[in-house]
Amino acid sequence: MKRVVVGLSGGVDSSVTAYLLKEQGYEVIGLFMKNWHDDSVTISNECPWLEDSNDAMIVAEKLGIPFQTVDLSEQYKERIVDYMFNEYEKGRTPNPDVLCNREIKFDVFMDIALSLGADYVATGHYCRKAEEIIDGKPVYKLLAGKDTNKDQSYFLCQLSQEQLSKALFPIGELTKPEVREKAKEADLITADKKDSQGLCFIGKVRLPDFLQQKLQPKEGEIVQIPTDFEQYNRSVPKFENKEAELAYFSTKFSYKKDDGKVVGKHQGAHYFTKGQRKGLAVGGTKEPLFVIETDVDTNVIYTGEGKNHPGLYRNILFVSNEELHWVREDLALQTGESMEVEARIRYRQSLEKAILYKVENGLYVEFENPQSAIQEGQFVAWYINEELLGSGVIS
């Protein structure tokens, strides 16, 4: 009988994951990951992880499976939290959920599971896994979840063949309402529990509050850039080759303070991210202002009026070789090759047509349509027919 360790988070998705595996005849062990106990950063007066670990324990008892809690807060702090602060200080916007899966759930946690003699690790992600024998050896595929509304393959875009080979995603074939239905059938306490928001695993954290406690506030200016800013209407040079063209259009606009007018003050450019419109507290414009660029060196935030402001849009982005990852190593592009794909630059975005171009020092992603608020530090992931082939950090 194959042994599976399930990451029980105290939510309905992981509860049903454990239930389905048990129904399928696996020997199931439930593990709750505790990833936070740093009281120097007060998260909120509630203690969500206690309530969640309690729910996870009740579910395990109901299913008659062994259960224990593992404390991964040290690794979490080192690999996720410290990395996040570093990125924010550089003016990039990291994606803690993608990292959490690569560094914690499918690395540290997986090692613990394998040390318990597990054959697989299972999570409550809405995605699917397939396997095909190519050139005599198994190749694992990461596929979108059946519930298009909840597809979470994007969060697993950094997994390797090795990690996928030991992963199971039992609810990937179901929709969210079907998952809740199964939880009711099995009489699980989490059947109607609301989905958790906030940082992967830390529970109910609001990111700005969390950042403010670690990154010192410093007052700076908010500058509004007009829609007729000269760089938006620059005449495009003749390009020697495709790579020169890609390099030109992937370079973001650069602003100086006197390119616009000062319209307000802020408490630190590192708290803001491109495309953001909340928290600016500047009135007097017909349409809301959106952040189009932040400069952490001069501590200036550049904004534009309205969500169609040209400063928000670009259709080409670049990923450096160090931050390029292929789930399907067998399909990795060589320098000079290109590939037609569909891609997304954030979790909830629908897939958009794009072409990948591999160059010597990295990979360009050229979207058919301009994308709003391409944010350095976030992940771009690309697909062909429901299968996620690879991803990279936007540089």
Novice: Under 3.5 Å, side chain of N299 to main-chain N/O of K218, donor-acceptor pair present?
Specialist: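 Side chain of N299 to backbone of K218, a donor-acceptor pair under 3.5 Å: yes, one is there.
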
Novice: Should the pair F67 and F32 be assigned to parallel (<30°), tilted (30 to 60°) or perpendicular (>60°) ring geometry?
Specialist: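 Because their plane-to-plane angle lies in the 30° to 60° range, the rings of F67 and F32 count as tilted.
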
Novice: Would you name the heavy atoms of C100 and Y76 that are closest together and state the gap between them?
Specialist: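 Closest approach of C100 to Y76: SG-CE1, 3.8 Å.
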
Novice: Would you mind checking if R344 and D151 are paired as a salt bridge, meaning a charged N to carboxylate O distance below 4.0 Å?
Specialist: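 R344 and D151: salt-bridged.
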
Novice: Is there a donor-acceptor pair closer than 3.5 Å between any side-chain N or O of R277 and the backbone N or O of L289?
Specialist: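 A pair under 3.5 Å: no.
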
Novice: Where the side chain of K22 meets the backbone of L63, is there a donor-acceptor pair that is under 3.5 Å apart?
Specialist: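 Judged by distance alone, yes, a pair lies under 3.5 Å.
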
Novice: Are the charged groups of R3 and E27 less than 4.0 angstrom apart, N to O?
Specialist: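 Counted as a salt bridge, because a side-chain N and a carboxylate O are separated by less than 4.0 Å.
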
Novice: Closer than 4.0 angstrom, basic N to acidic O: yes or no for K77 and D82?
Specialist: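 Here K77 pairs with D82 in a salt bridge, since their nearest N and O are under 4.0 Å apart.
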
Novice: Taking atom CD of E337 as the centre, does the number of heavy atoms from other residues, nucleotides or ligands within less than 6.0 Å exceed 12?
Specialist: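 More than 12 heavy atoms, drawn from other residues, nucleotides or ligands, come within 6.0 Å of this atom.
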
Novice: Quick test of your reading of the model: are K182 and E23 salt-bridged, counting only N-O distances below 4.0 Å?
Specialist: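 No.
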
Novice: Quick one: sort the W326 and W382 rings into parallel, tilted or perpendicular, breaks at 30° and 60°.
Specialist: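 Perpendicular, since the angle between the ring planes exceeds 60°.
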
Novice: Is it true that a side-chain atom of Q158 and a backbone atom of H325 form a donor plus acceptor pair closer than 3.5 Å?
Specialist: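 No.
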
Novice: Could you tell me whether a side-chain N or O of Y88 sits under 3.5 Å from a main-chain N or O of Y83, the two making a donor and an acceptor?
Specialist: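 No, because the side chain of Y88 does not come within donor-acceptor range (under 3.5 Å) of the backbone of Y83.
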
Novice: Just by modelled atom types, is the Y126 backbone N or O under 3.5 Å from a matching donor or acceptor in the Q152 side chain?
Specialist: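 It does hold such a pair.
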
Novice: Which distance, rounded to the nearest 0.5 Å, do you find between the CG of N308 and the OH of Y313?
Specialist: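 Output value for this atom pair is 5.0 Å.
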
Novice: Is the ring pair Y120/Y26 parallel, tilted or perpendicular, if the boundaries are 30 and 60 degrees?
Specialist: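 Ring orientation of Y120 relative to Y26: perpendicular.
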
Novice: Distance-only, no hydrogens or angles: does the Q378 side chain make a donor-acceptor pair with backbone N or O of R346 under 3.5 Å?
Specialist: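 Absent.
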
Novice: Taking the basic N atoms (NZ, or NE/NH1/NH2) and the acidic carboxylate oxygens, is any pair closer than 4.0 Å for K90 and E87?
Specialist: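 A salt bridge links K90 with E87.
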
Novice: Donor-acceptor check, side chain of Q276 to backbone of K278, threshold 3.5 angstrom: yes or no?
Specialist: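 Answer holds: yes.
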
Novice: Can you confirm if the NZ or CZ of R102 lies within 45° of the ring axis of F379 and under 6.0 Å from the centre of its six-membered ring?
Specialist: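 Cation-pi check for R102 and F379: fails.
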
Novice: Identify the two heavy atoms, one from A269 and one from H266, that lie closest to each other, and give their separation to 0.1 Å.
Specialist: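 Nearest heavy atoms, A269 then H266: N-CE1, 3.3 Å.
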
Novice: Check the orientation of F229 and Y232. Use parallel for under 30°, tilted for 30 to 60°, and perpendicular for over 60°.
Specialist: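 F229 and Y232: perpendicular rings.
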
Novice: So, using side-chain hydrogen bond (donor to acceptor under 3.5 Å, both in side chains) as the criterion, who are the partners of T17 when residues are at least two apart?
Specialist: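 By the side-chain hydrogen bond (donor to acceptor under 3.5 Å, both in side chains) rule, T17 matches no residue at all.
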
Novice: Return yes if some donor-acceptor pair links the side-chain N/O of K141 with the main-chain N/O of V327 below 3.5 Å, else return no.
Specialist: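 Not confirmed, K141 side chain does not pair with V327 backbone.
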
